[in-house]
Amino acid sequence: MESSAQEINRLFELQKINQYEVANAPLKVRKAKLKALLKALTLTFRQALRDAMYADFKKPAADVDLSEIFPVTSEIKHTLSHINHWAARQPVNTPMAFLGSTSYIQYEPKGVCLIIAPWNFPVNLLLSPLVSAIAAGNTAILKPSEFTPHTSLVIEKIIKSIFEEKEVAVVQGAVETSQMLLQLPFNHIFFTGSPAVGKIVMAAAAKNLASVTLELGGKSPTIVDETASINSAAKRIVWGKFHNSGQICIAPDYVLVHESKKDELIAKMKVTLKNFYGEDPSKSDSYGHIVNQKHVDRVNGYIIDSVEKGAKIVHGGKSVVTGSFIEPTLVTDVPEDTPLMQNEIFGPVLPIITFKTLDEVVNRLSQDEKPLALYIYSNSDRNIEFLMKNTRAGNSCINQNDLHYYNADLPFGGSNNSGIGKAHGFFGFQEFSNARGVYRQHLPPALEMLMPPYNNLKNRLIEWVVKLF
Ligand code: NAD
């Protein structure tokens, strides 16, 4: 059920009034809430979440456990073991010139936060940022995606079972609801979604000078050079690209493979696809479906258009027209001026493009937006270093893809068009905190000797200070 403007305003005002109570509760209260969320995800609501995501887009239960529940529970566990340190005062040096004082950083909550999530990982991408928001002592309003309604309802039940609405509340609805929320003067907005909507969110935040974390998307290139181990590259790329039916922000969007390795890579990808999803992936319990007809039509449109312009399907290409299934598809010879190569694919289609030299690769990538992730498959340290130095990306994996997401000690996020700000672990905690710098005077400061009125002696002392410190 869509929340009304009146209801949204009521929740916002309630949280605004309550924010200091939430912020000033002892750390053990934040920890207790996180533990309750852990229990809800691993025990009480686990099956309900699996059922809901199967109803929404036939997500296999194992995928729900691995890519929806596990990332949130591991984020909670990581946070529980570090929160004492993160929330404690962080002493910093004070320059000698200010002898008699000490300085420290106190991370304080930003206040009332808004978290807007997309549909592709509806639990993970809504609740992982919530873990950081709670750890940092904020209140939060959550807006799940309208495209996964069964899951959004279970999320609302989970939140209501743990939090009072003055602490954390769920607002249901689509674009209009999102726009109503964006008009409110939140202290921080954490948005996960497309770059196009990210720009709308940032423009709305600017009106209130709200800080933003934008977790966006884009085309993540995957480079396979002539020294790469093709067996493992094929297996890892196929997994990273085709689980969740390619609806993953960090999925390899397309592969740039050295021309000498193209045939071997394609042959091994085909074998891996059969091993993963059988002869007929539409019957596989391990292969997810596309979220709705609009996205089926969009991805199918990309395939049809590129084939019309000369691309070759070397594996897959079929879809069930009235359903929500598209076969895992490998394409070669895709012209650059096709929607497949111009847009983020966000579906189970993998273009494979050849290159001759790494210079060619970096020239090509320098003309594109900075991707959310860039993956390098290589056994040459020289090639890896060259690519790392001459490309830009939010994150990278070397001889792997996607798995950087699961390491809470790494900052997760994009750069410019693929995002602003970082999530996970301490980086997520920081994002939801103001690093309040505190300077405390203990003894009368020497600086007082330099205060007006100025005279020759003071001018000489100032000269000395400028030279010495
Ligand atoms: P989307 O941007 O269309 O929608 C995301 C959220 O924004 C939804 O809750 C939606 O209701 C809301 N929204 C949509 N249009 C809006 C508007 N005009 N004004 C205000 N709010 C609006 O994204 P999506 O289709 O749900 O998800 C796919 C995109 O998300 C892809 O680009 C993908 O790469 C990106 N993504 C990024 C990450 C990440 O962590 N960086 C993770 C998952 C998905």
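Counting starts at 1 for both ligands and their atoms, following the listed order. Side-chain atoms are counted along with the backbone in the values below, which use heavy atoms only and exclude waters and symmetry mates. All figures in this text were calculated on a predicted structure; none of them were measured in a lab.
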request  = Kindly assign one of parallel, tilted or perpendicular to the pair Tyr405 and His424, based on the angle between their ring planes and the thresholds 30° and 60°.
outcome  =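 It falls in the perpendicular class, over 60°.
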task = Indicate whether atom 4 (O) of ligand 1 is within a distance of less than 4.0 angstrom of some protein heavy atom.
result =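 Under the 4.0 Å cut-off, atom 4 (O) of ligand 1 has no protein heavy-atom neighbours at all.
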Answer with yes or no whether [X] contacts ligand 1, where contact means a heavy atom under 4.0 Å from a ligand atom.
| X | result |
| --- | --- |
| Ala117 | yes |
| Phe191 | yes |
| Phe147 | no |

Quick one: does [X] get an N or O within less than 3.5 Å of an N or O on ligand 1?
| X | value |
| --- | --- |
| Leu216 | yes |
| Trp119 | yes |
| Ser178 | yes |
| Thr192 | no |

Going by atom type alone, with no hydrogens or angles, which donor-acceptor pairs under 3.5 Å involve a side-chain atom of residues 242-249 and a protein atom two or more places apart or on another chain?
residue, atom, partner, partner atom, Å
His243, ND1, Trp239, O, 2.7
Asn244, OD1, Lys59, NZ, 3.1
Asn244, ND2, Asn120, O, 3.0
Asn244, ND2, Gln247, O, 3.0
Ser245, OG, Tyr287, OH, 3.4
Ser245, OG, Gly288, O, 3.2
Gln247, OE1, Val291, N, 3.1
Gln247, NE2, Asn244, O, 2.9
Gln247, NE2, His289, O, 3.0

inquiry  = Measuring centre to centre across the rings, with the benzene-like ring taken for any Trp, is Phe346 within less than 6.0 Å of Tyr302?
reply    =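 No - the distance between ring centres of Phe346 and Tyr302 does not fall below the 6.0 Å cut-off.
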query = Out of Glu344, Gln179, Glu176, whose heavy atom sits nearest atom 31 (C) of ligand 1?
reply =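 When every heavy atom of Glu344, Gln179, Glu176 is considered, Glu344 comes closest to atom 31 (C) of ligand 1.
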ask   = Hey, looking at atom 44 (C) of ligand 1, which of Ile115, Asn120, Ile345, Thr177 has the closest heavy atom?
value =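 Looking at heavy atoms only, Asn120 sits closest to atom 44 (C) of ligand 1.
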Contacts table for residues 365-375: side-chain donor-acceptor under 3.5 angstrom, sequence neighbours left out:
residue, atom, partner, partner atom, Å
Ser366, OG, Val362, O, 3.4
Ser366, OG, Asn363, O, 2.8
Gln367, NE2, Asn363, O, 3.1
Lys370, NZ, Asn416, OD1, 2.6
Tyr375, OH, Ile250, O, 2.5
Tyr375, OH, Asp402, N, 3.3

key: Member of Phe426, Phe432, Trp86 meeting the ring pair (Phe, Tyr, Trp, His ring centres under 6.0 Å) criterion with Tyr107   =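 Among the candidates, only Phe426 passes.
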